[in-house]
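See below for the structure under consideration.
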Amino acid sequence: MLRDIFMTGGTTSLLSGSWCTQFGIIGMSGNLFADSIQIAESGNIYATGRYASSVFLVKFDPFGSVIWCKKLYDLNNVKVPITLDPDENIYLTTRSGQRILKINSDGLDQWAYNDTGPYTYGSMDAIVYYNGYVYTSGYVDRASNFSNESLCIYQYDAASGGRIRTLIHDETSVTTDGTFNNLAIAASGIYVAGDLKSYAGVICSANFNGDLVWRKGTQDFVYSSTGHSLAISPDGTQIFTGYRYSSDSKGGVISFTSGGTKKWERKWTNLYDCINLVATNTQSVFIASTTSTYTNLAQYYILKIDSEGNQLLCRKFSLSSMRYTPAIATDADENLYMFANYGSEGFIISKITPEDLAAPQLIFGPLTLTEEELETVSNSIAYTTPALINYNLSI
């Protein structure tokens with residue numbers, strides 16, 4: 001644990017239970033990225049971020065006070081996702097070296113596993129804990145020259161870190177940047193969203209035996225270096241994925257049943273991309289979205305929609321000097337947690353209660369949330385169903 005690398009600007013709290021904490025890392029430089037945030041059942045909060053080529057993991061208590069902060073390692077400048085198990089062990093993976101780490105709730109390393117998989121080159125872009133196993137999704141480079149990449153999903157034993165098997169090795173080329181960055185798992189199956197070379201956007205479903213069940217793709221979605229967002233309802237019956245459309249550069253969300261049937265589609269005026277989605281216990285979904293292609297406008301939208309795509313609320317999120325879309329999470333009480341960079345000054349992490357989120361305006365610390373109205377644009381996109389070619393590989 002490296003508490004000496006951490007500095008904080010203090011926590012601002014509101015009577016309703018909302019709070020906002022500003023913090024930074026001593027010696028940080030370059031672009032700052034708020035990558036991932038996870039909420040434990042205890043209310044503790046875990047988040048990962050990056051500066052220059054360094055990664056940090058920080059743990060907060062339920063009131064926004066720092067418990068510990070740990071610098072992990074230097075790596076290529078790519079997003080670092082995390083997932084938690086019921087004991088608050090943290091699992092994270094990086095694209096660099098296809099590395100998986102397990103860290104306990106005290107910040108102590110439990111195991112590290114470097115897995116090149118069946119091919120020399122590849123990536124691990126997303127990670128999810130489910131029922132004693134850790135699953136990752138990414139791509140493998142079959143030609144070792146980044147000309148022939150494929151979707152790959154691995155399954156690991158959470159206790160030991162050893163790879164149990166390759167669940168999916170799908171022989172359909174993906175983009176060379178590796179974009180299967182979004183993974184969701186429920187009793188109904190395993191779901192991954194990303195990009196293919198022949199389709200700008202794709203969502204796939206697999207069962208726990210490693211069979212690729214269905215895949216939907218469309219060329220009307222813009223390629224995204226961070227992949228396309230993905231969320232699943234708690235009961236596993238409804239899948240939500242967010243995109244930006246090629247035809248009019250607007251952000252939208254599409255819902256599928258667990259069997260791959262499209263239920264509805266929504267997109268919004270003024271939204272450039274629906275980057276981060278998180279589902280709640282009531283089947284509603286929070287969305288974090290950019291407003292334009294620029295990265296330093298300091299204005300983003302937080303939307304909440306119901307299971308039918310109807311907009312429940314919209315807030316414009318303003319923070320001086322902020323760049324990039326915040327990572328978001330929610331808990332059983334539907335409190336919204338946001339983790340964002342604060343220009344070159346550091347980071348903020350905040351908890352916003354449903355009562356405060358419903359208020360016309362909320363100001364605490366440097367953070368401002370104002371009520372906003374966004375027009376919903378109707379659209380009906382045609383999904384294709386590419387052929388499924390599936391390989392189950394041994395260890």
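What you are looking at is a predicted structure, and each value in this text was computed from that prediction instead of being measured.
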Could you tabulate the donor-acceptor pairs under 3.5 Å formed by side-chain atoms of residues 368-375, not counting sequence neighbours?
none

| Of all residues at least two apart in sequence or in a different chain, which pass the side chain to side chain donor-acceptor pair (under 3.5 Å) check with Ser42? | Asn44, Glu88
| note | For Lys316, the side chain to side chain donor-acceptor pair (under 3.5 Å) test, sequence neighbours excluded, returns none
| field | Whether Trp214 side chain and Ser258 backbone form a donor-acceptor pair below 3.5 Å | value | yes
| Expected output: side-chain Gln283 to main-chain Asn281 donor-acceptor under 3.5 Å | no
| Just checking, any donor-acceptor pair under 3.5 angstrom between side chains of Ser18 and Asp356? | yes
| Listed once per pair and sorted, the salt bridge (Lys or Arg N to Asp or Glu O under 4.0 Å) pairs that draw on residues 300-312, sequence neighbours left out | Lys263-Glu308, Lys304-Glu334
| Looking at Tyr245, is Lys267 sitting on its ring face, NZ or CZ under 6.0 Å from the six-membered ring centre and within 45 degrees of the normal? | yes
| request: Quick one: do Tyr135 and Gln155 satisfy side-chain hydrogen bond (donor to acceptor under 3.5 Å, both in side chains)? Show the steps, please. | output: CA-CA 5 Å; Tyr135 298 82; Gln155 181 189 40; 3.0 Å; yes
| Only one of Tyr113, Tyr130, Tyr133, Tyr91 clears ring pair (Phe, Tyr, Trp, His ring centres under 6.0 Å) with Tyr156; which? | Tyr113
| request: With sequence neighbours left out, write down each residue that passes side chain to side chain donor-acceptor pair (under 3.5 Å) with Asn89, or none if nothing qualifies. | output: Asp85
| query | Quick check: does any side chain N or O of Trp264 sit under 3.5 Å from a backbone N or O of Val253, one acting as donor and the other as acceptor? | reply | no
| said: So, using side chain to side chain donor-acceptor pair (under 3.5 Å) as the criterion, who are the partners of Asp333 when residues are at least two apart? | reply: none
